[in-house]
Peer 1: 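One structure, as structure tokens, below. Some questions next.
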Amino acid sequence: MNASQQANKEAIIQQVAAVPVGEVTSYGAIAKAAGLPGYARFVGHVLRNLPKDSKLPWHRVINAQGKLSFPPESDAYIEQKKRLVNEGVVFKNDKIKLSHR
DNA sequence: CAGGGGGCTAAGG
DNA sequence: GCCTTAGCCCCCT
């Protein structure tokens, strides 16, 4: 892995970790906040390949549609939704309201 | 080097 | 509301 990519990953992780409890953000927002506009998909890749000891709140990162990026019947979807609800995130018919944009 | 795919996004139909 | 196009980026075959 290149050093720059590692740095980008770190920056992304930083932003994700900076998301407060009860709040959700989109991949694009994370990427942009990390100084990597257009890296939305890379954010997804990073979160997907997270080491199991990351302790990173990946569940607070959703897509711009205010929904989870997993199939509704997927275990990951259910797990993420459960975690969010447990943290106080309000779901509107399987949709989360992002703090306006 | 080419091809396909993925926790994306925005714009159209 | 869903699917398609086009654009962005990175990863694995």
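Naming convention: chains lettered A, B, ... in sequence-line order (proteins, then strands); numbering from 1 in each chain. Computation of the quantities below employed the complete heavy-atom set of this structure, encompassing side-chain atoms and omitting hydrogens, waters and symmetry-equivalent molecules.
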Peer 1: Taking only the P atom of each, what is the distance from B:dG7 to C:dA6 in whole angstrom?
Peer 2: 23 Å
Peer 1: Sort me out a list of protein N/O and nucleotides 2-9 of chain C N/O pairs below 3.5 Å, or just none if empty.
Peer 2:
none

Peer 1: Name the one of A:Leu50, A:Thr25, A:Leu47 that satisfies side chain to side chain contact (heavy atoms under 4.5 Å, CB included) with A:Val16?
Peer 2: A:Leu47
Peer 1: Quickly, which of A:Lys81, A:Glu79, A:Gln80 forms a side chain to side chain contact (heavy atoms under 4.5 Å, CB included) with A:Tyr77? Name it, please.
Peer 2: A:Lys81
Peer 1: Could you tell me how far apart A:Trp58 (CH2) and B:dG7 (C1') are, to the nearest whole angstrom?
Peer 2: 9 Å
Peer 1: Is any side-chain heavy atom of A:Val46 closer than 4.5 Å to a side-chain heavy atom of A:Ile13?
Peer 2: yes
Peer 1: Could you check how far CZ of A:Arg48 sits from C1' of B:dG5, rounded to whole Å?
Peer 2: 9 Å
Peer 1: A:Ser69 side chain N/O closer than 4.0 Å to the phosphate oxygens (OP1, OP2) of B:dG6?
Peer 2: no
Peer 1: Tell me the interatomic distance from A:Lys32, atom NZ, to B:dA10, atom P, rounded to whole angstroms.
Peer 2: 10 Å
Peer 1: By the 4.0 Å heavy-atom rule, please label A:Val46 as base, sugar-phosphate, or nothing.
Peer 2: nothing
Peer 1: Identify whether any heavy atom of A:Lys95 sits under 4.0 Å from a base atom; if not, whether one sits that close to sugar-phosphate; answer base, sugar-phosphate or nothing.
Peer 2: sugar-phosphate
Peer 1: Strictly by Watson-Crick or wobble contacts shorter than 3.5 Å, is anything paired with C:dC2, and which nucleotide is it?
Peer 2: B:dG13
Peer 1: I need the CD1-C1' distance between A:Ile78 and B:dG7, as an integer number of Å.
Peer 2: 16 Å
Peer 1: Spell out, as yes or no, whether a donor-acceptor pair under 3.5 Å connects the side chain of A:Asn8 to the backbone of A:Ser4.
Peer 2: yes
Peer 1: For the pair made of CD in A:Gln15 and P in B:dG7, what is the distance, rounded to whole Å?
Peer 2: 22 Å
Peer 1: What is the separation between atom CG on A:Asn2 and atom P on C:dC10, rounded to the nearest whole Å?
Peer 2: 10 Å
Peer 1: Are OP1 or OP2 of B:dT9 and a side-chain N or O of A:Ser26 less than 4.0 angstrom apart?
Peer 2: yes
Peer 1: Using Watson-Crick or G-U wobble geometry with both distances below 3.5 Å, tell me the partner of C:dC8, or none.
Peer 2: none
Peer 1: With side chains defined as the heavy atoms from C-beta onward, is the minimum distance between A:Ser26 and A:Asn63 less than 4.5 Å?
Peer 2: no
Peer 1: Are A:Ile30 and A:Val19 close enough that some pair of their side-chain heavy atoms sits under 4.5 Å apart?
Peer 2: yes
Peer 1: Tell me whether the OP1 or OP2 atom of C:dG1 has a side-chain N or O from A:Gln65 closer than 4.0 Å.
Peer 2: no
Peer 1: How many whole angstroms separate atom CG of A:Leu36 from atom P of B:dC8?
Peer 2: 17 Å
Peer 1: Base, sugar-phosphate alone, or nothing: which one does A:Gln80 contact when heavy atoms must sit under 4.0 Å apart?
Peer 2: nothing
Peer 1: Just how far, in rounded Å, is P of B:dG7 from CG of A:Asn49?
Peer 2: 10 Å
